[in-house]
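I have placed the structure first, in the form of structure tokens, so that the comments after it can refer back to it.
Chain letters run A, B, ... following the sequence lines, proteins first and then strands; every chain starts at 1. A quick note: this is a predicted structure, and the numbers were derived from the prediction, not measured.
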Amino acid sequence: MHIPDGFLDGSVAAAMAVPAVAAVGYGVHRAGRTLDDSKIPLLGVTAAFIFAAQMLNFPVAGGTSGHLMGGALAAVLLGPWLACIVMAVVVAGQAFVFADGGITALGANIFNMGVVGALGVGLTMLLARRILPANRTVFLSVAGAGAWASVMLGALLASAQLGASGTVPFATVLPAMLGVHVLIGIGEAVITVAALSAVLATRPDLIDGAGFGPISTTPLTPAAEVAS
Amino acid sequence: MTRVPMMLFTVLALALAMGLATAVSPYASPQPDGLERVAGDTGFLDEGGLHAVQDDSPIPDYAFPGIEDERLATGVAGFVGTLGIFLVGYGIAWGLRRSRAAEGATAP
């Protein structure tokens, strides 16, 4: 869903840079409080994994492909604000080194593919933690559903930006974007759940629960181990 | 419960990411992604282009320059890119943590 330069009007691109810079900036401001010794390498490998997974386009219906965005995965592993930093590193690297995604559209791309998923899934995990039972199945289901929703929300926002730019009528682009991203979002959910399962199997204590503590309980939290 | 040491976790996760980017990405779907497909279908694909600073991209379109074999060029780009993103991410996190520690150190 990388928007190249030329798709967005200059004012729309500039307007989208504001929330992107704000979210990443707040993440940087907050990072000193949230980064501990294990989160430094975790941030590095999360960025590396998302970059790698974004190269792995999988086929969806009718001669179209999709790939992981990763904002949801980063949010569950690192919390929403560090996830914004991860996504900015990945998307900016793609634009400046690999010519993938525009430079003036960088704010829009960081926002659509990163910030929205990171903060949206962060909020979803917070709500889920309050109203749903805390166990592995619920945790992975919420993360997977959040991953799917983050792709749909990103597609909605990209459509709105394209419509606001006068590039294509919103009413034309929205159903087309949502239609194809319904399927791409399933890929996002599958990869996110698979990656989280691998982390749960090896280092469950690393999972941040989107910044609000792990939502998974008993056998999965370090607190339970201490108690046992 | 036995936990994998953080160093081992990091090495394994990075090896997985680099392995995927190097060995699997050359065989990824070459079809247009969702946005490109919609842009083609609804007639605005041609409005997209590269920014001037991207004309000299080090690794344009995930093809490492100077390698004729397309799959090899993609694999090398994936190897270099994934390692580079890891180092940048690690470096930024280390720097943010360090600057925070320096702030704390000024207190008696």
Quiz item: Under a 4.5 Å heavy-atom cut-off, does chain A meet the side chain of A39(B), its backbone, both or neither?
Solution: side chain

Quiz item: Of all heavy-atom pairs between A93(B) and L35(A), which one has the smallest distance, and what is that distance?
Solution: O-CD1, 3.4 Å

Self-check item: Heavy-atom side-chain contact between F9(B) and V199(A) under 4.5 Å
Solution: yes

Quiz item: Looking at P26(B), G49(B), G40(B), which one has more heavy-atom pairs under 4.5 Å with chain A than the rest?
Solution: G49(B)

Quiz item: Which pair of non-hydrogen atoms, one from F58(A) and one from S29(B), has the smallest distance, and what is that distance?
Solution: C-CB, 4.1 Å

Exercise. Show your reasoning for whether side chain to side chain contact (heavy atoms under 4.5 Å, CB included) applies to L35(B) and M177(A).
Key: CA-CA 7 Å; L35(B) 175 62; M177(A) 282 293 280; 3.9 Å; yes

Practice problem: Compare every heavy atom of G48(B) with every heavy atom of P4(A), then report the nearest pair and how far apart it is. | Solution: CG-CA, 4.0 Å

Quiz item: At a heavy-atom separation under 4.5 Å, does P30(B) approach chain A through its side chain, its backbone, both, or neither?
Solution: neither

Quiz item: Hey, is the main chain of T64(A) close enough, under 3.5 Å, to the side chain of E36(B) for a donor-acceptor pair?
Solution: no

Practice problem: Go through G179(A), A53(A), A95(A) and name the one with the most non-hydrogen pairs under 4.5 angstrom from chain B. | Solution: A95(A)

Quiz item: Highest number of heavy-atom pairs under 4.5 Å with chain B: which of V180(A), I3(A), I40(A), D36(A)?
Solution: I40(A)

Self-check item: Contact listing (chain A partner; residues 67-78 of chain B; heavy atom under 4.5 Å)
Solution: T74(B), A77(B), G78(B)

Self-check item: Charged N-O contact under 4.0 Å between D37(A) and R97(B)
Solution: yes

Quiz prompt | Distance, nearest 0.5 Å, that separates CG of D33(B) from CG of D100(A) | solution = 8.0 Å

Quiz item: What closest approach, in Å, do L96(B) and A31(A) show between heavy atoms, and which atom pair accounts for it?
Solution: CD1-CB, 3.6 Å

Quiz item: Can you tell me how far the CG atom of L8(B) sits from the CZ atom of R203(A), to the nearest 0.5 Å?
Solution: 10.0 Å

Exercise. Would you give the length of the straight line joining atom CG of L43(A) to atom CZ of F86(B), rounded to the nearest 0.5 angstrom?
Key: 10.0 Å

Quiz item: Is there a donor-acceptor contact under 3.5 Å from the side chain of S65(A) to the main chain of Q31(B)?
Solution: yes

Quiz item: Say you draw a straight line from CZ of F98(A) to CD1 of I85(B); how long is it, rounded to the nearest 0.5 Å?
Solution: 7.0 Å

Quiz prompt | Greater than 12 external heavy atoms within 6.0 Å of D55(B)'s CG | solution = yes

Practice problem: May I ask you to name which of L42(A), V97(A), T34(A), V89(A) has the most heavy-atom pairs under 4.5 Å with chain B? | Solution: V97(A)

Quiz item: Tell me, side chain or backbone of L56(A) under 4.5 Å from chain B's heavy atoms, or both, or neither?
Solution: both

Exercise. Please test L50(B) against D5(A) for side chain to side chain contact (heavy atoms under 4.5 Å, CB included), starting from the C-alpha separation and ending with a verdict.
Key: CA-CA 6 Å; L50(B) 292 182; D5(A) 280 329; over 6 Å; no

Quiz item: Any donor and acceptor pair, going by atom type alone, linking the side chain of N57(A) with main-chain N or O of A28(B) inside 3.5 Å?
Solution: no

Self-check item: Interface residues of residues 153-171 of chain A facing chain B - non-hydrogen atoms under 4.5 Å apart
Solution: L162(A), T167(A), V168(A)

Self-check item: Residues in ring pair (Phe, Tyr, Trp, His ring centres under 6.0 Å) contact with F96(A), at least two apart in sequence or another chain
Solution: none

Quiz item: Do R3(B) and T202(A) pass the side chain to side chain contact (heavy atoms under 4.5 Å, CB included) test, and can you show the C-alpha distance, the side-chain angles, and the key distance before you say yes or no?
Solution: CA-CA 6 Å; R3(B) 277 192 228 145; T202(A) 48; over 6 Å; no

Quiz item: Nearest 0.5 Å, what's the OG1-CG distance between T10(B) and L206(A)?
Solution: 8.0 Å

Practice problem: Describe, in one word, how the ring planes of F44(B) and F7(A) are oriented to each other, choosing from parallel (under 30°), tilted (30 to 60°) and perpendicular (over 60°). | Solution: perpendicular

Quiz item: Using non-hydrogen atoms only, which part of L87(B) is less than 4.5 Å away from chain A: side chain, backbone, both, or neither?
Solution: neither

Quiz prompt | Close approach to chain A in residues 11-25 of chain B, criterion heavy atom under 4.5 Å | solution = A13(B), L14(B), L16(B), A17(B), L20(B), A21(B), V24(B), S25(B)

Self-check item: Interatomic spacing from OG1 in T104(A) to NE2 in H51(B) - rounded to 0.5 Å
Solution: 6.0 Å

